[in-house]
Protein chains: 2
Amino acid sequence: MEMSPMIESFVFHFGEMGSRWGFNRTVGQMYALMVVSDKPLNANQMAQALNISRGNVSMGIKELHSWQLIQQHHIPGDRKDYFSPKGDIWDMANTVFEERRKREVDPTLSLLRDILLDAPADDSEAYAQDKMREIHDLLETGTQWVGELQRMNPDNLSTLMKLGAGVAKVMDFKEQLLSSTEGKSDKRDR
Amino acid sequence: MEMSPMIESFVFHFGEMGSRWGFNRTVGQMYALMVVSDKPLNANQMAQALNISRGNVSMGIKELHSWQLIQQHHIPGDRKDYFSPKGDIWDMANTVFEERRKREVDPTLSLLRDILLDAPADDSEAYAQDKMREIHDLLETGTQWVGELQRMNPDNLSTLMKLGAGVAKVMDFKEQLLSSTEGKSDKRDR
DNA sequence: TTTAACTTTCAGAAAATTCTGAAACTTCAA
DNA sequence: TTGAAGTTTCAGAATTTTCTGAAAGTTAAA
């Protein structure tokens with residue numbers, strides 16, 4: 001099994017980029033290859049196409065499994081395991097965000113929360129805590145928001161995306177109708 | 001200049017996480033240190049606090065400059081350069097997103113666009129192109145949207161965030177009032 | 001059971017990244 | 001100009017990450 005130049009350029013590029021997204025080059029290549037393959041692939045095919053060792057492929061599969069990005073198939077009469085991406089591209093994006101949040105943001109939030117429980121020993125610690133609180137609040141608001149977007153049904157999300165900055169207009173609109181039921185707008189302090 | 005345990009744990013953690021955000025451990029530590037310092041720091045102070053070489057600090061400063069994350073100060077009567085984070089935490093988040101987009105998403109979009117110009121040679125290339133088109137469209141919509149959010153004024157953005165999933169309700173609300181002026185909703189195909 | 005087909009593991013090799021520190025460079029006050 | 005105070009550069013050392021391939025492990029048909 002060998003890749004056409006078109007597929008090759010995609011796979012290699014994805015390998016480089018993939019490393020930025022939390023997995024290494026070969027794992028990125030493996031995933032890219034599965035995405036553009038119209039049928040599930042077995043480990044040997046991947047090793048051959050990407051010119052990497054069989055052992056490396058095995059590690060990569062394990063990693064992609066832990067990211068919940070792939071799916072295993074059993075083809076009757078064939079003892080090899082076949083793999084394909086799980087879900088569609090949208091699901092992939094969701095999964096990657098989700099996993100990254102678990103690995104990167106959650107531990108940071110937890111550390112910040114712990115630190116913020118301690119009373120500051122002096123002015124410089126008080127200053128530091130203020131900054132940490134800002135970061136904490138930003139991360140918390142951000143993750144909550146992303147979580148809500150992810151839980152939103154795809155239709156509404158799509159509308160929202162297409163709406164883009166127009167969302168501001170809708171909100172103004174709402175505010176006009178419902179104005180003066182709430183306190184004055186709370187500005188972000190800068 | 002030495003760090004209190006509180007600041008140290010923040011700085012070290014940020015160093016580990018920072019490496020996920022596109023810069024290496026020491027660069028992350030340097031930035032974290034500047035964020036929690038109530039006054040600008042010079043290169044020697046950073047080298048001492050973080051216990052790294054002076055040369056390494058110089059590289060780090062260069063890197064943070066290229067990310068537009070820091071600001072240089074000249075203190076009269078002192079020939080050293082002093083550094084502090086540029087803007088507030090919110091600006092930092094914006095800058096990091098922006099820079100990452102430039103470095104990661106833009107090149108991918110450009111590659112995908114190029115590939116999609118070529119006619120597929122066979123069925124399997126046609127399948128691959130379909131998938132690439134999906135990825136292309138997702139990235140494009142996503143970046144456009146993020147761009148618009150970034151261009152939105154902070155007040156509205158804050159309202160939008162606080163609104164969270166409630167945004168769906170506002171949209172429904174709008175739709176009820178303005179319904180039947182546009183075509184039927186376009187679902188995401190899955 | 002046996003055994004052939006296949007998968008996983010992991011120690012060490014290879015590669016990539018990061019870091020150090022000495023030397024080169026820059027700047028400015030005297 | 002000179003030289004002291006500072007900064008940057010970069011070759012090679014140190015460290016970290018990734019990859020290989022042989023050996024151990026698993027599975028299922030016969």
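Residue numbering restarts at 1 for every chain, and letters A, B, ... go by the order of the sequence lines.
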> Please state how far atom CZ in B:Phe23 lies from atom P in C:dC19, giving the value in whole angstrom units.
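Distance, rounded to whole Å: 13 Å.
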> Which nucleotide in the set C:dC19, D:dT7, D:dG21 lies at the smallest distance from any side-chain heavy atom of B:Ala43?
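Looking only at side-chain atoms, B:Ala43 lies closest to D:dT7.
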> Taking the six-membered ring of A:Trp67 as reference, does the cationic atom of A:Arg103 (NZ for Lys, CZ for Arg) lie under 6.0 Å from its centre and within 45° of its axis?
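Because its charged atom sits under 6.0 Å from the ring centre and within 45° of the axis, A:Arg103 does stack over A:Trp67.
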> OP1 or OP2 of D:dG6 less than 4.0 angstrom from a side-chain nitrogen or oxygen of B:Asn42, does that happen here?
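Checking B:Asn42 against D:dG6: no side-chain N or O falls below 4.0 Å of OP1 or OP2.
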> D:dC19, D:dG6, C:dT7: which one has an atom nearest the side-chain heavy atoms of A:Asn56?
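Comparing D:dC19, D:dG6, C:dT7 against the side chain of A:Asn56, the answer is D:dC19.
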> With a 4.0 Å limit, can you tell me whether A:Arg54 has a side-chain N or O closer than that to the phosphate oxygens OP1/OP2 of D:dG21?
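No.
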> Check whether any side-chain nitrogen or oxygen of A:Asn24 sits under 4.0 Å from OP1 or OP2 of D:dC19, and answer yes or no.
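The answer is yes; a side-chain N or O of A:Asn24 sits under 4.0 Å from OP1 or OP2.
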> When only distance counts, do a donor and an acceptor, one from the side chain of B:Arg79 and one from the base of C:dT27, lie under 3.5 Å apart?
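Pair found.
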> Identify the two heavy atoms, one from A:Asp88 and one from A:Asp91, that lie closest to each other, and give their separation to 0.1 Å.
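Between these two residues, the closest heavy atoms are OD1-N, 2.8 Å.
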> Is there a side-chain contact between A:Thr26 and the phosphate of D:dC19, meaning an N or O under 4.0 Å from OP1 or OP2?
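Indeed, a polar side-chain atom of A:Thr26 lies that close.
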> Taking the nucleotide of DNA chain C with the nearest heavy atom to each, does B:Ile52 or A:Lys80 sit closer to the 5' end?
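Closest to the 5' end, via its nearest nucleotide, is A:Lys80.
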> May I ask you to verify if any side-chain N or O of B:Lys62 is less than 4.0 angstrom from the OP1 or OP2 atom of D:dT9?
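Checking B:Lys62 against D:dT9: at least one side-chain N or O falls below 4.0 Å of OP1 or OP2.
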> Look at the side chain of A:Asp78 and decide which nucleotide, out of C:dC6, D:dT20, D:dG6, has an atom nearest to it.
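So the side chain of A:Asp78 is nearest to C:dC6.
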